[in-house]
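Note that this is a predicted model, so its numbers are computed, not measured.
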Amino acid sequence: MALTTNLSGYYKCEDDAANTTVADAQASADLTASTNTSNMSTAGFIVDGFNLHDGDYYISLTDSDFADKSSISLWVKTPASLLILISDA
């Protein structure tokens with residue numbers, strides 16, 4: 001079974017474009033960034049990723065994007081002072 005089997009969305013966050021689309025690498029549930037993804041793109045350990053600038057930038061989704069889903073998984077490198085907030089408000 002592939003890692004992406006039965007996922008609602010799979011976001012590599014490697015986008016580097018003059019638009020706010022965070023592409024879904026597996027399906028068609030793209031997300032929206034608060035700024036052009038070229039402003040957030042940064043070199044990563046293996047490939048590019050997003051630098052969210054201590055909360056200045058963010059990625060948003062709507063309730064309808066993931067209605068009735070039960071988990072979110074992230075790989076995040078953070079400085080000790082960075083807070084990661086996942087809210088359903």
- Considering residues at least two apart in sequence or located in another chain, which fulfil the side chain to side chain donor-acceptor pair (under 3.5 Å) criterion with D24?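 Expected list: none.
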- Item | Results of side chain to side chain donor-acceptor pair (under 3.5 Å) for T42 - residues two or more places apart only |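 Checked T42 against side chain to side chain donor-acceptor pair (under 3.5 Å); zero matches.
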- For T32, does its backbone N or O pair with a side-chain atom of S60 as donor and acceptor, under 3.5 Å?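 The answer is yes, because a donor-acceptor pair under 3.5 Å joins these two groups.
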Sequence neighbours excluded and cut-off under 3.5 Å, please list the side-chain donor-acceptor pairs for residues 14-22, or say none.
residue	atom	partner	partner atom	Å
D15	OD2	A23	N	3.2
N19	OD1	T21	N	3.0

Between [atom1] on residue [X] and [atom2] on residue [Y], distance to nearest 0.5 Å:
X	Y	atom1	atom2	answer
F50	K12	CZ	NZ	12.5 Å
N39	D56	CG	CG	11.0 Å
L31	Y11	CG	OH	4.0 Å
L52	I59	CG	CD1	5.5 Å

- Task: Search all heavy atoms of Y57 against all heavy atoms of N51 and return the closest pair with its distance.
- Result: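 Heavy atoms of Y57 and N51 come nearest at CD1-O, 3.7 Å.
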